[in-house]
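Values below: every heavy atom of this structure, side chains too, minus hydrogens, waters and symmetry copies.
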Amino acid sequence: LRQHIESQPYGKAVIGYMMMWGYDSQWGWPVTGNVDQTVGPDGKISENGPAHLMDYSAPMQKYFQDFLRRTYADEAALRKAGNNPNVTFETAKPPTTEQLKLEKVDDAFPYLLDPAKDRQLIDWARCKSEVIGDLANDLGVAIKAAGTRKVLVSGYFQDIDRSIGT
């Protein structure tokens, strides 16, 4: 796309690209009520899933487990934080649809969760933010690499502790 744009007569006037995706273009996981889709462990998409767009695919489950490895020094720390004596990095799973329903109150999302009892929801929310940030960053790097001159790349992203395309 960048090569096409920059090969056009107006291409030399383009100094940057703004990446947009998702609800109001802010790179967040969309929530659309009762018409959400859920990606199952088999990679198939089901309509009218839980109250959140949810990704239970094998790659996302692996990403979540890797996120936990980066977050916790060892399994003892994971178990203590989640108040779950049996969890391991290999057995850790994203929250169930029932747990996600508990996260939603009166069709809204609470801003404060209790780390003592909601650690899995907190870790999942952080993981989802991180994976979207990784995608936005990778796309920004690809846009910059697709041409020979320097350009600006920006996006509107929910995680303020990130830069895109660096």
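- The line from NZ of Lys144 to OH of Tyr17 is 12.5 Å long, rounded to the nearest 0.5 Å.
- Put simply, OH on Tyr156 and CE on Met18 are 9.0 Å apart, with the number rounded to the nearest 0.5 Å.
- In this structure, the separation between SG on Cys127 and CD1 on Ile122 is 14.0 Å, given to the nearest 0.5 Å.
- Remark: Arg126 CZ to Leu121 CG distance equals 13.5 Å, nearest 0.5 Å.
- The closest side-chain heavy-atom distance from Val87 to Leu78 is below 4.5 Å.
- In this structure, Ile15 is not a member of the same hydrophobic cluster as Val153, with clusters built from ILVMFWY side-chain heavy atoms closer than 4.5 Å.
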After noting the C-alpha distance and the side-chain angles of Glu130 and Phe67, does the key distance pass the side-chain contact (heavy atoms from CB on, under 4.5 Å) rule?
-> CA-CA 9 Å; Glu130 183 181 288; Phe67 167 83; 3.5 Å; yes

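- Under the 4.0 Å criterion applied to side-chain N and carboxylate O atoms, Arg70 and Asp66 are not assigned as salt-bridge partners.
- A salt bridge links Glu6 with Arg2: at least one charged nitrogen is closer than 4.0 Å to a carboxylate oxygen.
- For the atom pair CD of Gln65 and CZ of Arg69, the computed distance is 6.0 Å after rounding to the nearest 0.5 Å.
- Here the shortest heavy-atom pairing between Met60 and Val131 reads CE-CG1, 3.9 Å.
- Criterion: ILVMFWY side-chain heavy atoms under 4.5 Å apart, direct or through other members. Under it, Tyr63 and Phe89 are part of a common hydrophobic cluster.
- Arg79 places no side-chain N or O within 3.5 Å of a backbone atom of Asn84 that could act as its donor or acceptor partner.
- Residues Pro94 and Gln61 come closest through the heavy atom pair CD-CG, 3.9 Å.
- With sequence neighbours left out, Ala77 forms a side chain to side chain contact (heavy atoms under 4.5 Å, CB included) with Tyr72, Asp74.
- Linking Ile, Leu, Val, Met, Phe, Trp and Tyr residues whenever their side-chain heavy atoms come within less than 4.5 Å places Leu135 and Met19 in a single cluster.
- Using a 4.5 Å cut-off on side-chain heavy atoms (C-beta onward), Asp123 and Leu68 make contact.
- In this structure, the separation between CH2 on Trp124 and OG on Ser129 is 12.0 Å, given to the nearest 0.5 Å.
- Of all heavy-atom pairs spanning Ala116 and Asn83, the tightest one is O-CB, 4.1 Å.
- Annotation: side-chain hydrogen bond (donor to acceptor under 3.5 Å, both in side chains) contacts of Asp118 (sequence neighbours excluded): none.
- Within a 6.0 Å sphere centred on CD of Glu90, other residues, nucleotides and ligands contribute more than 12 heavy atoms.
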